[in-house]
Amino acid sequence: MELHGSTFTLRGWRHGDETSLQEHADNRNVSAYLFDRYPNPYTLKDAEDWVAYCMEQDPLVNFAIDVDGQVVGGIALELRADVYRKTPLIGYWLGQEYWGRGIMPEAVKLVTNYAFYNLDIISIQALVFSGNPKSMRVLEKAGYQKQGVIKSSVYKNDVIYDEHVYSALGPVE
């Protein structure tokens with residue numbers, strides 16, 4: 001399965017992605033506003049473990065962002081359980097040298113529409129730390145709406161952040 005953007009492809013992870021993944025993921029600026037489960041430094045072993053994990057998934061919810069045959073980022077839906085079983089979280093990252101090219105808003109739209117047309121969901125949520133206005137702008141460009149702000153709910157790198165909650169309630173244009 002592949003989803004085609006104007007300058008990139010979203011596809012499943014595969015063997016051979018590890019070196020490019022590690023190269024682009026091992027950047028403190030990339031991990032600055034991601035959950036702590038995203039390692040920093042990002043080692044080749046981390047990349048190998050991630051690719052192996054993603055190759056076992058069904059349905060496909062973790063996509064590599066491929067530009068000219070090289071993995072430069074990732075975008076994923078985190079399927080949740082219990083009362084959130086129909087409301088996945090969307091998360092994403094992109095290698096710093098690819099920032100500002102319009103890749104991520106387009107990727108968010110592609111994955112959002114894929115999810116609404118292929119998965120049994122009612123909405124998609126995104127959680128953004130207050131120090132990351134560029135990610136908020138990505139979501140807004142992709143058609144997500146801000147639902148609210150949870151004050152002082154995130155602790156990352158010795159800083160307390162508010163958490164901005166965004167959602168899409170259906171396919172986006």
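Every heavy atom of this structure was used, including side-chain atoms; hydrogens, water molecules and symmetry mates were not.
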Flag, side chain of [X] to backbone of [Y], donor-acceptor distance under 3.5 Å:
{"X": "Lys86", "Y": "Ser123", "answer": "no"}
{"X": "Asn27", "Y": "Asn29", "answer": "yes"}
{"X": "Thr43", "Y": "Asp46", "answer": "yes"}
{"X": "Gln22", "Y": "Ser20", "answer": "no"}
{"X": "Trp99", "Y": "Leu94", "answer": "yes"}
{"X": "Asp162", "Y": "Lys151", "answer": "no"}

Is [Y] reachable from [X] through a run of hydrophobic residues whose side-chain heavy atoms are each under 4.5 Å from the next?
{"X": "Tyr144", "Y": "Leu127", "answer": "no"}
{"X": "Tyr53", "Y": "Ile65", "answer": "yes"}
{"X": "Leu89", "Y": "Val172", "answer": "no"}
{"X": "Met1", "Y": "Tyr92", "answer": "yes"}
{"X": "Tyr161", "Y": "Phe35", "answer": "yes"}

Could you tell me whether [X] atom [atom1] has more than 12 heavy atoms of other residues or ligands within 6.0 Å of it?
{"X": "Arg85", "atom1": "CZ", "result": "no"}
{"X": "Asp68", "atom1": "CG", "result": "no"}
{"X": "Gln96", "atom1": "CD", "result": "yes"}
{"X": "His4", "atom1": "NE2", "result": "yes"}
{"X": "Arg28", "atom1": "CZ", "result": "no"}
{"X": "Lys146", "atom1": "NZ", "result": "yes"}

Would you check if the distance from the ring center of Phe8 to the ring center of Tyr98 is below 6.0 Å?
no
Heavy-atom closest contact ([X] atom, [Y] atom, distance):
{"X": "Glu18", "Y": "His15", "answer": "OE2-ND1, 3.5 Å"}
{"X": "Leu110", "Y": "Leu10", "answer": "CB-CD1, 3.9 Å"}
{"X": "Ser167", "Y": "Gln147", "answer": "OG-NE2, 3.0 Å"}

How far does CG of Leu77 sit from OH of Tyr114, to the nearest 0.5 angstrom?
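Between Leu77 CG and Tyr114 OH, I get 8.0 Å after rounding to 0.5 Å.
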Residues in salt bridge (charged side-chain N to carboxylate O under 4.0 Å, His left out) contact with Asp17, at least two apart in sequence or another chain:
Arg11
Ring-plane angle category for Trp50 and Trp13, please: parallel below 30°, perpendicular beyond 60°, tilted otherwise.
perpendicular
Using the six-membered ring wherever Trp is involved, compare the ring planes of Tyr33 and Phe129 and label them parallel, tilted or perpendicular (cut-offs 30° and 60°).
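Ring orientation of Tyr33 relative to Phe129: perpendicular.
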Beyond-backbone contact of Tyr38 with Val30, side-chain heavy atoms, under 4.5 angstrom
yes
Taking 4.0 angstrom as the limit, do Glu140 and Arg137 come out as a salt bridge?
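Yes.
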